[in-house]
**Q** 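The following block contains the structure, expressed as structure tokens.
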Amino acid sequence: MAKINFGGTEENVVTREEFPLAKAKEVLKNDTIAIIGYGVQGPGQSLNLRDNGFNVIIGQRKSSKTWDKAIADGWVPGKNLFEIEEACQRGTILQFLLSDAGQITLWPTVKKHLTPGKALYFSHGFGITYKERTGIIPPADVDVILIAPKGSGTSLRRMFLQGRGLNSSYAIFQDATGKAWDRVVALGIGVGSGYLFETTFKKEVYSDLTGERGTLMGAIQGIFAAQYEVLRKNGHSPSEAFNETVEELTQSLMPLVAENGMDWMYANCSTTAQRGALDWWKKFRDASLPVFTELYKEVAAGNEAQRSIDSNSKDDYRVKLEEELKELRESEMWRAGAAVRKLRPENN
């Protein structure tokens, strides 16, 4: 484990150079990794582990769409694809990758198969951090660990196939065997992480819920919608408004930020753009800071978690979710976006 200086603060990180794949495979050579759930993170993590040479099985409900997806991805019923309870029984490391609501529902089934020495693995700190609300309280004689890729399972898989790695955080909630650190780092390397940075279950869920509601999803959609609306109200066409609001950011500028940082992106734009960005960014910061402050307080108080538990556990949740997503999808801005994407050269 290395200490790296990030902006004046030292952090514990693990790289693939100091903990190579061969070492990870040696650590887990006697383990059977059971992926419980094949939804958002399950496919990417399991396929990367399989391709990296680990012993992986899938636990999923039979006759579901995700069971069929697993078969399409090459998992074989009775060989490495099982009903959830059988996978829990067979696995020595249970990667609990269901949704937060799904974890609450299935916890009694998983818990009874957590025999001494096994490991319970999460990719989100929700279930453990809010255990008084979720009821997910692991037995004392198992390791409880976390690898949280900083992106979707789809991105994790795509980057793996490109020979790249998606950075992940790691945490240990409970080290019952004395091997939890080796296990969690080996799994982080196995799923295709770029580098691993240390956190706790609580910090992971606090940052994750803030980020999802903030710059990663909620805030950026709100900013997109506001700018698009202003441009349209002032006579700009849908194509112009979308390109200036979304397309240029995602296709041109964000890759520059990813490559070398915000200052480098600024340096590679026109002097007029530079001047405007430098004059206006603090105004946007000051306008949004109270919202982010309120958001973090709501996360820390457990209110966001409770809202998620309450809404996601309702019988009509999927129906209402689709209605809300349809509202986004059928808004003029994202209908314009669909048309713009079709016109990209790679799609013609």
Side-chain angles (χ1 to χ4, degrees), residues 27-50 52 54-71 73-131 134-149 153 171-177 179-180 182-184 186-188 190-191 201 309 312-313:
V27 168
L28 302 178
K29 65 181 180 180
N30 296 320
D31 280 302
T32 298
I33 304 166
I35 308 290
I36 309 304
Y38 206 73
V40 177
Q41 281 289 335
Q45 293 198 33
S46 63
L47 292 170
N48 290 359
L49 284 163
R50 185 180 72 182
N52 273 333
F54 294 86
N55 182 22
V56 188
I57 62 175
I58 305 296
Q60 185 56 47
R61 290 189 302 273
K62 191 178 286 188
S63 302
S64 65
K65 290 181 180 179
T66 42
W67 177 276
D68 295 338
K69 175 175 168 51
I71 292 174
D73 286 343
W75 303 99
V76 180
K79 178 183 177 183
N80 49 28
L81 174 60
F82 304 95
E83 287 274 13
I84 288 175
E85 187 150 4
E86 184 173 355
C88 288
Q89 185 176 3
R90 288 172 175 265
T92 58
I93 297 172
L94 307 187
Q95 293 196 193
F96 205 17
L97 300 183
L98 293 166
S99 67
D100 296 324
Q103 287 183 11
I104 295 170
T105 301
L106 199 69
W107 174 241
T109 299
V110 172
K111 184 179 180 180
K112 67 182 180 181
H113 294 291
L114 285 172
T115 51
K118 286 192 176 186
L120 178 62
Y121 166 115
F122 294 87
S123 283
H124 189 25
F126 191 101
I128 294 293
T129 300
Y130 302 113
K131 57 185 179 295
T134 65
I136 298 175
I137 302 174
D141 50 11
V142 301
D143 293 338
V144 182
I145 55 181
L146 174 144
I147 291 292
I172 298 170
F173 179 76
Q174 190 167 280
D175 184 3
T177 66
K179 301 184 297 182
D182 282 340
R183 273 174 146 176
V184 74
L187 288 161
V191 301
F201 274 65
I309 292 169
N312 296 356
S313 59

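Both backbone and side-chain heavy atoms feed into the values below; hydrogens, waters and symmetry mates do not. The chain is numbered in sequence order, starting from 1.
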**Q** Could you please spell out the steps behind the side chain to side chain contact (heavy atoms under 4.5 Å, CB included) verdict for Leu187 and Gln95?
**A** CA-CA 10 Å; Leu187 288 161; Gln95 293 196 193; 3.6 Å; yes
**Q** Would a distance-only check, ignoring hydrogens and angles, find a side-chain to backbone donor-acceptor pair under 3.5 Å from Gln103 to Leu98?
**A** yes
**Q** Checking Lys131 now: which residues fulfil salt bridge (charged side-chain N to carboxylate O under 4.0 Å, His left out) with it, not counting sequence neighbours?
**A** none
**Q** For residues Arg50 and Trp75, report the shortest heavy-atom separation together with the two atoms involved.
**A**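 Reported closest heavy-atom pair: CD-CH2, 3.5 Å.
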**Q** Can you check whether Gly91's main-chain N or O pairs, donor with acceptor, with Lys118's side chain at less than 3.5 Å?
**A**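 Here the side-chain-to-backbone pair exists.
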**Q** Would Tyr121 and Ile33 satisfy side chain to side chain contact (heavy atoms under 4.5 Å, CB included), going step by step from the backbone distance to the final call?
**A** CA-CA 10 Å; Tyr121 166 115; Ile33 304 166; over 6 Å; no
**Q** Return the minimal non-hydrogen interatomic distance between Leu97 and Gly42, and the atom names on each side.
**A**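 Looks like CD1-CA, 3.9 Å.
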**Q** Any side-chain donor-acceptor pair under 3.5 Å between Ser123 and Gln45?
**A** yes
**Q** Taking the side chain as every heavy atom from C-beta outward, state whether Val56 and Asn80 have any atom pair closer than 4.5 Å.
**A**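 No, side chains not in contact.
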**Q** List the steps, then state whether side chain to side chain contact (heavy atoms under 4.5 Å, CB included) holds for Lys65 with Asp68.
**A** CA-CA 5 Å; Lys65 290 181 180 179; Asp68 295 338; 5.5 Å; no
**Q** Keeping Trp107 on the side-chain end and Gly135 on the backbone end, is there a donor-acceptor pair under 3.5 Å?
**A**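 Yes, because the side chain of Trp107 sits within donor-acceptor range (under 3.5 Å) of the backbone of Gly135.
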**Q** Is a side-chain N or O of Gln60 found less than 3.5 angstrom from the main chain of Leu81, in a donor-acceptor match?
**A**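 No, the answer is negative, given that no donor and acceptor are paired below the 3.5 Å cut-off.
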**Q** Are side-chain heavy atoms of Ser99 and Asn312 found at a separation under 4.5 Å?
**A**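 A side-chain contact under 4.5 Å is absent here.
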**Q** Give me the atom names and distance for the closest heavy-atom approach of Ala87 to Ala34.
**A** O-CB, 3.5 Å
**Q** So if I apply the side-chain hydrogen bond (donor to acceptor under 3.5 Å, both in side chains) rule between Thr92 and each of Thr32, Asn30, Asp31, which one comes out positive?
**A** Asp31
**Q** Would you say the side chain of Tyr38 lies within less than 4.5 Å of the side chain of Ser64, judging by non-hydrogen atoms?
**A**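 Sidechains of Tyr38 and Ser64: no contact.
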**Q** Of the non-hydrogen atoms in Ile36 and Cys88, which two are nearest, and what is the gap between them?
**A** CD1-SG, 3.8 Å
**Q** Enter the distance from Ile57:CD1 to Leu94:CG here, rounded to the nearest 0.5 Å.
**A** 8.5 Å
**Q** Could you tell me if Tyr130 and Asp100 have a donor-acceptor pair between their side chains, going purely by distance under 3.5 Å?
**A** no
**Q** Mind checking side chain to side chain contact (heavy atoms under 4.5 Å, CB included) for Ala186 and listing every partner two or more places apart, or none if nothing turns up?
**A** Phe19, Ala24, Val27, Leu28
**Q** Step by step, work out the side chain to side chain contact (heavy atoms under 4.5 Å, CB included) result for Phe173 and Leu146.
**A** CA-CA 8 Å; Phe173 179 76; Leu146 174 144; over 6 Å; no
**Q** Check whether any side-chain N or O of Glu85 sits under 3.5 Å from a backbone N or O of Thr109 as a donor-acceptor pair, and report yes or no.
**A** no
**Q** Please round to the nearest 0.5 Å and tell me the distance separating atom CZ of Phe96 and atom NZ of Lys111.
**A** 12.0 Å
**Q** Of the non-hydrogen atoms in Phe54 and Gly190, which two are nearest, and what is the gap between them?
**A** CE1-CA, 3.6 Å
**Q** Which heavy atom in Gly127 sits nearest to a heavy atom in Ile136, and how many Å separate them?
**A** O-CB, 3.7 Å
**Q** Looking only at atom types and distance, does a side-chain atom of Thr129 sit under 3.5 Å from a main-chain N or O of Phe126, one as donor and one as acceptor?
**A**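 No.
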**Q** Over 60° means perpendicular and under 30° means parallel, so classify the ring planes of Phe122 and Phe201, tilted if in between.
**A** perpendicular
**Q** Show every salt bridge (charged side-chain N to carboxylate O under 4.0 Å, His left out) that has at least one partner inside residues 136-148, sequence neighbours left out.
**A**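 Residue pairs passing salt bridge (charged side-chain N to carboxylate O under 4.0 Å, His left out), neighbours aside: Asp143-Arg183.
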**Q** Are side-chain heavy atoms of Ile35 and Leu49 found at a separation under 4.5 Å?
**A** yes
**Q** Got Val142 and Gln174 here, is their nearest side-chain heavy-atom distance under 4.5 Å?
**A**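 The answer is yes; the side chains approach within 4.5 Å.
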**Q** Determine whether Val184 and Ile147 make a side-chain contact, defined as any pair of heavy atoms from C-beta on separated by less than 4.5 Å.
**A** yes
**Q** Do Leu120 and Pro139 have side chains that get closer than 4.5 Å, going by heavy atoms?
**A** no
